[in-house]
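Heads up: the structure comes next, in structure tokens.
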Amino acid sequence: MSDQSSETKQSVNFKTLLFFFIPLGFSASLVTISHVIINSTLARAPNPAVVIASYSIAMSLFGIMERCAVILRQTCSTLVRDQISYRLMRNVTVYVLTAILFLSLVIAYSPIGRSFFSILLGVSDEMLQPTIEAYRVLMFVTIFSGIRCLYQGVIISNLKTKWLTIGMMVRLAFMSFIAWIVLANDWVNHGYVGAYIFLAGMAVEALVSSLEGRIIVKELPPKKEKHPIFQQSQIFRFYNPLLIASLIAVSIPPTINAVLGWSTKAEIAIASFAVAISVVHLLNSITSYIHQIVINFYKKDKNQVLRFTIIVSLLPSILLTVLAYTTVGTWGLENIIGVSDELLNQSILTLRFFVIFTLCFPWVDFCNGILMIRSQTKVMSFSQIGNVIATVAALLILIYTVPNGGGFIGALAQSIGFLMELIILLYFLNMKGKNAAISLWLKNNIRRGYRMIKG
């Protein structure tokens, strides 16, 4: 038994994890850099607060729709192993993207959309039309994102993760080129300019992913022996719980933007939160694929996976602390992103309240990976409901007590929400009497992070 265990450990060494993870983490970082490019472009508009705010609000709704498409990647990477399962997955993708496009058209071109933005999200009359115009472009980004995720799922399951990095590098280069043209011609006047840059980049990435993905699909066996996926309903049974959990999670950004719209200086609050969250997402992107490490390697060598996660999880918090509490962050926001004056000060303040968020994020992803390999994805719905409740409660308390707090209200509320989600996940993992050592380490890590922030 010990020999078998030793052999299993030898099959997954640290180098193997690095070669699998680095392309994924790097491509995720490039995703966030693309948003930094857009925000830095929009920051050079004549009225940057209004332009960034309108784009950010449209992006919050886009995030809800895109989440439905993004989880196609997890579904595909888990279930597609032969030609039959690929064709079933492709059909599901068509159904999902058609439904998303129909709903997006209703929101973008009917009074329902105007009511949604103005009443539910609290968009002012000044920003309503620019926000809708930005969303009319972003809804097509979702379609290309879904196509991209379908083929990326095939790429990941075949361990060719370098192609995610290649696709993202092409996307980043193309977006930078488009942004340069926009700035050179002084076309930065509306939030939809950022949406067009995003659309161009996503279309290029979808093209690269589909070209490589199709090659891999042709090499799949017609029917893999003992592969259990042969009906479309099986894919939907896997997809639907993830969809529900994801929709719960993506309700947070529009809620934060809506509450920030009630603050004393709404445009500054929303814009500073948008700038700060783009930087935080860039840092957290390093750890956003930890669940794939768990899914692919945890059963083979859980100790090695845990050690790897411990090392990687510390990077975002260390980097964010440097940016938020030293002149490096001020210089970066001012010279790279292009914010200044009150927006710069508010963005720095907002960054400081995201440290707790970066401490919790990788371990939430780690715990979710364990739930996936146990087929206990329903637990993710409970944890994310707890996240939403804690975030909304914190938002309402903060907006009432410090209405002029600016973007830090959203940062602190979101950090509290993620902390609550992690606590719930730890509770469910402990209920089964397993992973006690992991849970203990995570709890100690949270305490250390809290003492660091408090100190």
Side-chain angles (χ1 to χ4, degrees), residues 23-24 26-42 54-77 90 93-94 96-105 107-108 133-156 161 163-182 187 190-214 246 250 253 274 277-278 281-282 285 288-289:
L24 293 176
F26 189 55
S27 63
S29 298
L30 293 179
V31 170
T32 313
I33 290 175
S34 67
H35 295 302
V36 173
I37 289 173
I38 293 173
N39 281 323
S40 63
T41 302
L42 298 181
S54 64
Y55 174 75
S56 175
I57 294 171
M59 279 292 293
S60 65
L61 178 58
F62 161 81
I64 296 176
M65 297 299 183
E66 196 205 20
R67 193 72 177 181
C68 304
V70 167
I71 59 177
L72 291 170
R73 178 167 51 210
Q74 295 167 284
T75 306
C76 183
S77 65
R90 184 184 59 189
T93 301
V94 172
V96 170
L97 295 183
T98 300
I100 292 173
L101 181 60
F102 174 76
L103 183 58
S104 297
L105 287 170
I107 293 175
E133 290 174 355
Y135 183 72
R136 287 174 179 172
V137 179
L138 290 173
M139 66 181 183
F140 293 104
V141 180
T142 309
I143 306 304
F144 286 108
S145 178
I147 296 171
R148 169 198 66 160
C149 290
L150 169 65
Y151 289 107
Q152 284 183 348
V154 176
I155 291 170
I156 292 173
T161 53
W163 281 99
L164 272 71
T165 300
I166 293 172
M168 277 308 309
M169 291 180 69
V170 174
R171 165 179 164 178
L172 186 61
F174 193 67
M175 289 180 65
S176 299
F177 175 69
I178 298 296
W180 175 77
I181 293 177
V182 168
W187 290 341
H190 301 281
Y192 63 71
V193 172
Y196 277 116
I197 296 174
F198 194 16
L199 176 62
M202 187 65 76
V204 170
E205 186 187 6
L207 176 62
V208 174
S209 298
S210 62
L211 289 175
E212 175 61 21
R214 285 177 181 273
S246 297
V250 297
I277 196 66
S278 67
H281 283 328
L282 172 60
S285 63
S288 61
Y289 279 100

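For the numbers below, each heavy atom of this structure counts, side chains included, while hydrogens, waters and symmetry mates do not.
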Subject >> Closest approach of Ala69 to Gly146 (non-hydrogen atoms, all atoms of both residues) >> reply: CB-CA, 3.7 Å
**OP:** State the SG-CG distance between Cys149 and Leu97, to the nearest 0.5 angstrom.
**Re:** 9.5 Å
**OP:** Indicate yes or no: at least one non-hydrogen side-chain atom of Leu150 is less than 4.5 angstrom from one of Leu72.
**Re:** no
**OP:** Check whether any side-chain heavy atom of Met168 sits under 4.5 Å from a side-chain heavy atom of Phe26, and report yes or no.
**Re:** no
Original post:
Does the side chain of Pro23 reach to within under 4.5 Å of the side chain of Leu164, using non-hydrogen atoms?
Top reply: no
Subject >> Taking every non-hydrogen atom, the tightest pair across Ala58 and Ala134 >> reply: CB-CB, 3.8 Å
Original post:
Can you tell me how far CD1 of Ile155 sits from OG of Ser209, rounded to the nearest 0.5 angstrom?
Top reply: 5.0 Å
Original post:
What are the two closest heavy atoms between Cys68 and Ile100, and how far apart are they?
Top reply: CB-CD1, 3.7 Å
What pairs of donor and acceptor atoms, side-chain ones from residues 196-208 against any protein atom, are under 3.5 angstrom apart with sequence neighbours left out?
residue : atom : partner : partner atom : Å
Glu205  : OE1  : Arg148  : NH1          : 3.3
Glu205  : OE1  : Arg171  : NH1          : 2.7
Glu205  : OE2  : Gln152  : NE2          : 3.1

Which donor-acceptor pairs under 3.5 Å do side chains of residues 135-142 form with protein atoms, sequence neighbours excluded?
residue : atom : partner : partner atom : Å
Tyr135  : OH   : Ser104  : OG           : 3.0
Arg136  : NE   : Ala108  : O            : 2.9
Arg136  : NH2  : Ala108  : O            : 3.1

**OP:** Please report the closest heavy-atom contact between Ala179 and Ile37, naming both atoms and the distance.
**Re:** CB-CG2, 4.0 Å
**OP:** Step through the shown structure and confirm whether more than 12 heavy atoms of other residues, nucleotides or ligands are within 6.0 Å of OH on Tyr289.
**Re:** yes
**OP:** Hey, could you give me the OG/CD1 distance between Ser34 and Ile38, rounded to the nearest 0.5 Å?
**Re:** 5.5 Å
Original post:
Taking all atoms of both residues into account, what is the closest heavy-atom pair of Ile71 and Ser246, and its distance?
Top reply: CG2-OG, 3.3 Å
Original post:
Do the side chains of Met65 and Phe62 get nearer than 4.5 Å, heavy atoms only?
Top reply: no
Subject >> Inter-residue atom distance Leu103.CG - Ile107.CD1, 0.5 Å rounding >> reply: 4.5 Å
Subject >> Atom pair CZ (Arg214) and OH (Tyr151), whose distance is rounded to the nearest 0.5 Å >> reply: 3.5 Å
